[in-house]
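The structure appears right after this line, and notes come after that.
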Amino acid sequence: MTMKKPTPVKGTRDYYPADMAFRNWLYGRAREASRKFGYQEFEAPFLETLDLYAAKSGEELVKEQAFVFQDRGGDEITLRPELTPSLARMVSARIGQLTFPVRWWSFGPFWRYERPQKGRTREFFQWNLDLIGVDNPQADAEIAAVVCEFFRSVGLAPQDVKLQVNNRRLMEEALATLGIREEARATAFRLIDKKEKMETAAWEAYALESGLSADQVRGLQGLLADLELWKQSGELQEFFAAMEALGVRDYVEYNPSVIRGLDYYTGTVFEARDAAGEFRAILGGGRYDNLVADVGGGKLPGVGFAMGDLIIGLVLKKSGKEPSLRVVPADVLVTTFSAQERDAAMRTAQELRKAGIAAEWYPSVERLPKQLKYADALGIPLAVIAGPDEIRDGKVTLKDLTARDQATVRAEDLAQEIRKRLAGRQTG
RNA sequence: GUGGCUGUAGCUCAAUCGGCAGAGCGCUGGACUGUGGAUCCAGCUGUUGCGGGUUCAACCCCCGUCAGCCACCCCA
């Protein structure tokens with residue numbers, strides 16, 4: 001009985017070795033930026049109870065977009081759609097033992113039940129980084145500076161990407177002066193979030209429909225056009241000054257229409273975008289001063305961000321900064337000359353491994369050209385050839401596929417000869 | 001959840017008005033029996049996503065279905 005060709009689960013991605021190499025590279029860059037600022041790596045469960053997210057992450061995210069199912073005991077379980085609530089839970093559980101401030105980061109998979117499209121899948125990876133226990137604008141700036149350090153390390157300059165910053169407290173005060181009450185704040189935030197995504201006329205109609213007066217709509221438009229609005233916020237003034245001190249002021253800019261979708265943000269909010277504005281936000285984050293308390297911990301302020309692996313990949317590709325990564329780890333292919341030399345070839349490969357060299361052995365007897373083509377196709381730079389002539393003399397031939405030359409050396413000198421070749425390559 | 005586009009060889013894609021299903025790349029072999037990337041020659045590969053319908057005849061038109069992509073929504 002033949003099975004119908006199985007299809008992958010909608011919205012998941014297969015990581016073939018080349019994809020895995022990119023993911024690992026991204027992980028490495030994130031780890032390096034995190035490490036430089038003293039952040040510690042942690043991981044949370046991929047499964048959480050549904051109520052952890054209830055009324056914290058945003059209605060839509062939990063009710064519409066979380067993977068939820070019942071376990072065999074009947075409990076409502078969700079595949080985590082984001083990390084911050086888990087982080088808040090973990091911190092809250094050890095609030096008496098941890099040394100504050102806490103600087104933690106993580107890189108792992110998340111799931112959202114959405115319709116897949118460009119830059120969005122149902123299963124994706126996120127880099128999360130959070131600073132908990134400090135509530136000043138300098139802490140916000142440090143978080144932003146980690147982002148900038150990351151961008152710099154992957155080759156994205158301030159002219160390629162911008163960190164756009166705003167502050168919810170500032171916007172709340174500004175809304176109040178327009179006579180927009182607290183009850184209407186969520187609506188107003190939504191309007192702010194929409195402003196840059198809609199045509200002006202459509203946005204105005206939508207705003208009026210949402211219950212704002214014509215005056216309020218005009219006032220809101222005025223706010224969103226005011227790039228100097230941040231000067232009315234002491235927090236943002238300090239934030240930008242701190243970015244200056246950290247030497248990354250050129251990566252950030254004020255944008256009054258950045259507000260972020262998650263409900264738990266309380267102060268500074270930011271998102272990074274490509275300069276051309278072609279893609280969605282590369283990452284988003286901000287200050288959440290009530291979240292730890294909301295999951296039953298004490299009052300603990302926090303600030304952090306999350307970066308998905310998809311958009312950053314698209315931006316890097318678009319800007320030509322995609323790394324060229326070697327997928328094949330082997331530095332040398334030990335060829336099998338014929339059945340008579342097969343055991344000798346296996347021994348040679350094993351000797352190289354003992355010497356710390358990544359060596360592939362060609363696992364069947366084939367014509368030499370085919371074996372060398374294999375090495376070429378995989379990008380293995382060196383090949384070892386040992387036929388009857390070499391073996392009789394206790395020698396092997398080391399072929400450099402890149403330099404297009406070869407030398408016959410004594411078998412016991414092979415590892416050293418290979419190291420010499422590889423060293424010359426890496427410095428060059 | 002709503003709307004649009006697309007499914008043809010391993011990959012990228014062609015196929016005129018409905019009239020024998022093709023090319024490039026790749027792969028295999030050879031030119032070259034102990035030496036790779038170039039070149040040349042030869043060769044292999046198909047349930048045209050799947051199911052039904054219309055027709056003398058369907059990759060092409062119609063209906064359904066599945067999958068992928070894109071946009072909305074939301075967000076990393």
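Residue numbers start from 1 in every chain, and the chains themselves are labelled A, B, ... in the order their sequence lines are given, proteins ahead of strands.
In this structure, A:Phe124 packs face-to-face on the six-membered ring of B:A76, meeting both the 5.5 Å centre cutoff and the 30° plane limit.
Between the side chains of A:Glu253 and A:Gln164, at least one donor N or O lies within less than 3.5 Å of an accepting N or O. Checking A:Glu48 against A:Ser86 by side-chain atom types alone, a donor-acceptor pair falls below 3.5 Å.
Side chain of A:Ile385, nearest nucleotide from B:G29, B:U2, B:G34: B:G34. Which of B:C75, B:C73, B:U35 sits closest to the side chain of A:Leu372 comes down to B:U35. Listed candidates were B:U35, B:G36, B:A76. Nearest to the side chain of A:Glu114 is B:A76. Nearest nucleotide to the side chain of A:Arg120, out of B:C73, B:G37, B:G30: B:C73.
In this structure, the ring of A:Trp230 has its center no less than 6.0 angstrom from the ring center of A:Phe239. Taking the ring centroids of A:Phe125 and A:Phe110, they lie at or beyond the 6.0 Å cut-off.
Both distances falling under 3.5 Å, in either a Watson-Crick or a G-U wobble arrangement, occur for no nucleotide opposite B:U33. In a base pair of the Watson-Crick type (N1 to N3 plus N6-O4 or O6-N4) or a G-U wobble (N1-O2 and O6-N3), with each distance short of 3.5 Å, B:C72 is matched with B:G1.
Using atom C1' as the reference point in both B:A38 and B:G49, the two lie 39 Å apart (nearest Å). B:G51 and B:A9 have their C1' atoms separated by 23 Å, given to the nearest Å. Of the C1' atoms belonging to B:G24 and B:U45, the separation is 15 Å, rounded to the nearest Å. Straight-line distance between the C1' atoms of B:G68 and B:C11: roughly 16 Å, to the nearest whole Å. Nucleotides B:G7 and B:U12 place their P atoms 12 Å apart, quoted to the nearest Å. A gap of 9 Å separates the C1' atoms of B:U2 and B:C73, to the nearest Å. Nucleotides B:C72 and B:U28 are separated by 49 Å at their C1' atoms, to the nearest Å.
In terms of position along RNA chain B, the nucleotide closest to A:Lys10 lies nearer the 5' end than the nucleotide closest to the other residue of the pair A:Ala306 and A:Lys10. Mapped onto RNA chain B by nearest heavy atom, A:Leu283 and A:Asp376 fall at different nucleotides, with A:Asp376 at the one closer to the 5' end.
In the interface, the side chain of A:Gln65 is not paired with the base of B:G1 through any donor and acceptor atom under 3.5 Å apart. Taking only distance into account, the side chain of A:Arg115 meets the base of B:U2 through a donor-acceptor pair shorter than 3.5 Å. Remark: the A:Arg112 side chain and the B:A76 base include a donor-acceptor N/O pair separated by less than 3.5 Å.
A:Ile312 comes within 4.0 angstrom of no nucleic acid atom, judged by non-hydrogen atoms across all strands. Counting any heavy atom pair closer than 4.0 Å across all strands shown, A:Glu390 reaches a base atom. Nucleic acid contact for A:Gln406: base, since at least one base atom lies under 4.0 Å from a heavy atom of the residue. A:Thr408 comes within contact range of no nucleotide atom at all, as no heavy-atom separation falls under 4.0 Å. Contact annotation for A:Ala375: no contact, since no heavy-atom pair falls under 4.0 Å across all strands. Counting non-hydrogen atoms under 4.0 angstrom, A:Asp389 reaches a base of the nucleic acid. The residue A:Phe337 sits close to a base: some heavy atom pair falls under 4.0 Å. Backbone-only contact: A:Lys373 has heavy atoms under 4.0 Å from sugar-phosphate atoms and none from a base. Nucleic acid contact for A:Ile311: none, since no nucleic acid atom lies under 4.0 Å from a heavy atom of the residue.
Contact annotation: A:Gln117 reaches the phosphate of B:A71 (side-chain N/O to OP1 or OP2, under 4.0 Å). The shortest distance between the side-chain N/O atoms of A:Lys399 and the OP1/OP2 oxygens of B:G36 is not below 4.0 Å.
Here the rule is side-chain contact (heavy atoms from CB on, under 4.5 Å) with A:Val161, and of A:Ile312, A:Val147, A:Leu283, A:Ile282 only A:Ile282 fits it.
As a whole-Å value, the separation of A:Glu123 CD from B:C75 P is 21 Å. In this structure, CZ of A:Arg342 is placed 18 Å from P of B:G34, rounded to the nearest angstrom. Between A:Met307 atom CE and B:A76 atom P the separation is 13 Å, expressed in whole Å. Between the NZ atom of A:Lys118 and the P atom of B:C5 there is a distance of 19 Å, rounded to whole Å.
Remark: A:Glu412 CD is packed, more than 12 non-hydrogen atoms of other residues, nucleotides or ligands lying under 6.0 Å away. Other residues, nucleotides and ligands place no more than 12 heavy atoms under 6.0 Å from the CZ atom of A:Arg410.
Proximity of A:Trp104 to A:Tyr39: side-chain heavy atoms (C-beta onward) are nowhere separated by under 4.5 Å.
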